[in-house]
Amino acid sequence: MAFRRDVEYIDETQPTMVDISAEELKRVGRLIDSVLPSLTDLYGKVEWEGAGRETYDRRLRECGSLLEMLRTGLARAAPALDDYSQALVRAKKKIEEGDAAAEELKKLIAPIVETQSKWVREAEPLAQWEDLREITGFTDWINEQAEQDRINEIRGAAEHHYTTAAHCYSDAKKIEEEARTLCVSALREAFRLLPDFRANSQEAEQIIGGTPGLLAEMEQASHDPNARLPGQGLIPTLRTEHTELTDLHQDIVDRMGKLSLDGPTWGNTDTFNWYALGNREDEDKFKRKWIYAYRSVIETAAREYGIPASVLAGVAYKEVGGKPMWMDGAVDTLRQWHLYSGEPNQTSYGPMSIQVKAAAESLGYDPAKLTDRQREQIIKSLEDPEQSIFIAAKHLADLKQTTDFAYKEPHEMTAEEGEVLAAKYNGGPYWEGPDAQAYAKDYRKHLEAATDALQNPPE
C-alpha cells in the first residue's frame with residue numbers, strides 16, 4: 001500500500017518534457033538518415049591521386065561509421081523515452097483516481113477528524129483513517145472512544161475509499177518505477193552505443209581551432225540556436241511531399257505537432273461574458289490557466305530561442321482569450337474580399353495572435369511568395385497552441401536581434417527591455433507609437449501574474 005506522499009514526485013513530473021526530448025532525438029536521427037546516403041555515395045567517387053588520398057578515404061569511412069553509431073544510439077534512446085512518457089501518463093491517471101477516492105474518504109471522516117488531535121487533523125486522509133480505525137494507545141483510546149459508534153457506522157464505506165486510493169497510489173508507484181528502470185537501462189545501453197568523441201584538452205583545442213568556421217559558428221550559435229553557416233550543405237532542406245515547409249517550420253511541426261496538452265479554449269460563451277457582462281476576472285483566470293497548462297512548452301521555447309520565459313508568458317497573457325478563434329478566419333476572408341482594411345497576411349491567427357506575415361518571416365519564408373499550401377500550413381501551425389508558442393518565441397528572438405540588447409543572455413535582460421520586446425511584438429516597425437507603448441505598459445502591469453502562472457496552478 002502507498003500513501004499520497006509516496007507518489008508526490010510523480011505528480012510533479014511533466015510527460016510533455018519527456019516527449020519533447022524524445023522528439024528531438026528522433027529529429028536528429030532523421031537528419032543523420034538524410035546525410036548518410038550522400039556520404040556513402042562519396043565512397044570511391046573522388047578521382048584523384050596524391051599523398052592525402054588514403055587519409056581522405058579513411059576519414060570518410062570513419063565519419064560514416066561515427067554517424068551509424070550515433071544513429072543506433074539515438075534509435076535506442078528515443079523509444080525508451082516514449083515508453084517512459086506514456087507510463088508517466090498512466091501513473092498520473094492512477095494518482096487522479098486515487099485522489100478522487102481519497103477526497104471521498106476525507107469528506108466521510110471529516111466530522112470525526114475534527115474531534116481528534118492536531119497530528120491527525122493535519123495528516124492526509126489515508127493516514128487519518130488508519131489512525132481512526134485502530135486504537136494504537138491510551139491517548140488514542142481517550143480521543144476515539146466517544147466516536148466509536150460513528151466510526152463503526154462509516155467503516156465499510158471508509159474502508160472502500162481507503163483501499164481504492166491506496167491501491168491506485170501503489171499502482172502509480174509501481175508503473176513509474178518499472179518504467180523508469182527499463183528506461184534507464186535502455187538509455188545506458190544507448191549511451192554505450194554512442195561513439196566516443198572525447199579528447200584531451202590540448203587535442204580538443206587543436207581540433208576546434210583547426211576546423212574552418214567552427215569558432216565563428218560557435219559564437220553565432222551562442223546567440224542564435226538556428227545558426228547555420230556556409231559549409232553545412234550536407235544536411236538537405238527538410239520538405240514534406242506537398243507543402244515544402246522550411247527547415248525550421250518542419251522542425252516545429254515534427255516536435256510540437258504531435259503534442260496535445262488540452263489547455264483551456266476561449267469560446268463564444270466566454271466572449272459574450274467578456275464583452276456583454278464585463279467579466280474581466282474570468283478572463284484573468286482563463287489566461288492564468290492557459291499559461292499554466294502550456295508552461296513546459298513556454299519554458300522550452302524561451303530557453304531554445306534565448307528569451308526570458310517571463311517575457312513569453314507575459315505576451316501570452318496579453319494575447320490569449322478575448323475572442324474565439326473562428327473570428328481570425330472571418331477577418332481573413334473579409335480582407336480577401338476587400339471588405340475589411342488591411343492585407344490578408346496582416347491577419348493575426350491563433351492564441352498568440354501572430355500575423356501571417358510575421359510568422360512567415362520568422363519561419364524563413366518570403367511572405368510575398370507564399371504558396372497557398374504554405375500559407376495554409378502556417379495558419380494551421382499558428383492555431384495549434386504548442387506550435388504557436390514556438391513561433392512566438394522565434395518571432396520575439398528575431399525582434400530581440402533588432403535591439404541594442406541583442407546579445408544579452410535572457411537572465412541579464414531588464415524588465416524595461418522586456419517591455420521593448422512586447423512593444424515590438426505588438427507594433428512591429430511602429431513599436432514606438434502610442435498603441436504599442438500602451439500595450440507594453442499593460443504587459444508590464446500583468447507580468448507578475450503571468451510569471452506566477454508559470455509556477456503555480458490557478459485557484
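Salt bridge E416/R444: present, at least one basic N to carboxylate O contact under 4.0 Å. One finds a salt bridge joining D332 and R375 here, because a Lys/Arg side-chain nitrogen approaches an Asp/Glu carboxylate oxygen to under 4.0 Å. Salt bridge annotation for E159-R155: absent, with no cationic side-chain nitrogen under 4.0 angstrom from a carboxylate oxygen. The residues R255 and E24 are annotated as salt-bridged, a charged nitrogen and a carboxylate oxygen being separated by less than 4.0 angstrom. Between K173 and E177, at least one side-chain nitrogen of the basic residue sits less than 4.0 Å from a carboxylate oxygen of the acidic one, meeting the salt-bridge criterion. E343 has no carboxylate O lying under 4.0 Å from a charged side-chain N of R335, or vice versa, which leaves the two without a salt bridge. Taking a cutoff of 4.0 Å between a charged side-chain nitrogen and a carboxylate oxygen, E383 and K380 do not qualify as a salt bridge.
Judged by distance alone, with hydrogens and angles left aside, the side-chain atoms of S170 form a donor-acceptor pair with the main-chain N or O of A166 at under 3.5 Å. For Q355 (side chain) and S348 (main-chain N/O), no donor-acceptor pair under 3.5 Å exists by modelled atom type. With hydrogens and angles ignored, the 3.5 Å screen pairs a side-chain donor or acceptor of K400 with a backbone N or O of G306. Using a distance-only test at 3.5 Å, with no hydrogens or angles considered, no donor-acceptor pair links the side chain of S353 to the main chain of Y349. In terms of modelled atom types and a separation under 3.5 Å, the side chain of K92 and the main chain of T13 share a donor-acceptor contact. Without hydrogens or angle criteria, D328 side chain to G350 main chain gives a donor-acceptor distance under 3.5 Å. Checked by atom type and distance alone, the side chain of T402 pairs as donor or acceptor with a backbone atom of L399 at under 3.5 Å. In this structure, the side chain of E124 does not engage the main chain of F3 through any donor-acceptor pair within 3.5 Å. Put simply, the side chain of S85 never gets that close to the backbone of D82: no donor and acceptor are under 3.5 Å apart.
Taking the ring pair (Phe, Tyr, Trp, His ring centres under 6.0 Å) definition, one finds that Y317 meets it with H446, sequence neighbours left out. Residues satisfying the salt bridge (Lys or Arg N to Asp or Glu O under 4.0 Å) test with E97, not counting sequence neighbours, are K94.
Contact check for L245 versus Y365: side-chain heavy atoms found under the 4.5 Å cut-off. M352 places none of its side-chain heavy atoms less than 4.5 Å from the side chain of L382. When side chains are defined from C-beta on, E244 counts as touching Q374, because their heavy atoms get closer than 4.5 Å.
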Check the pair Y84, E176 against side chain to side chain donor-acceptor pair (under 3.5 Å), reporting the backbone distance first and the verdict last. CA-CA 8 Å; Y84 183 57; E176 189 280 331; 2.8 Å; yes
Audit row: E23, K26, salt bridge (Lys or Arg N to Asp or Glu O under 4.0 Å) steps and yes/no: CA-CA 5 Å; E23 288 301 318; K26 294 174 189 176; 3.3 Å; yes
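Of the candidates H395, K394, Q401, K394 is the only one forming a side-chain hydrogen bond (donor to acceptor under 3.5 Å, both in side chains) with D398.
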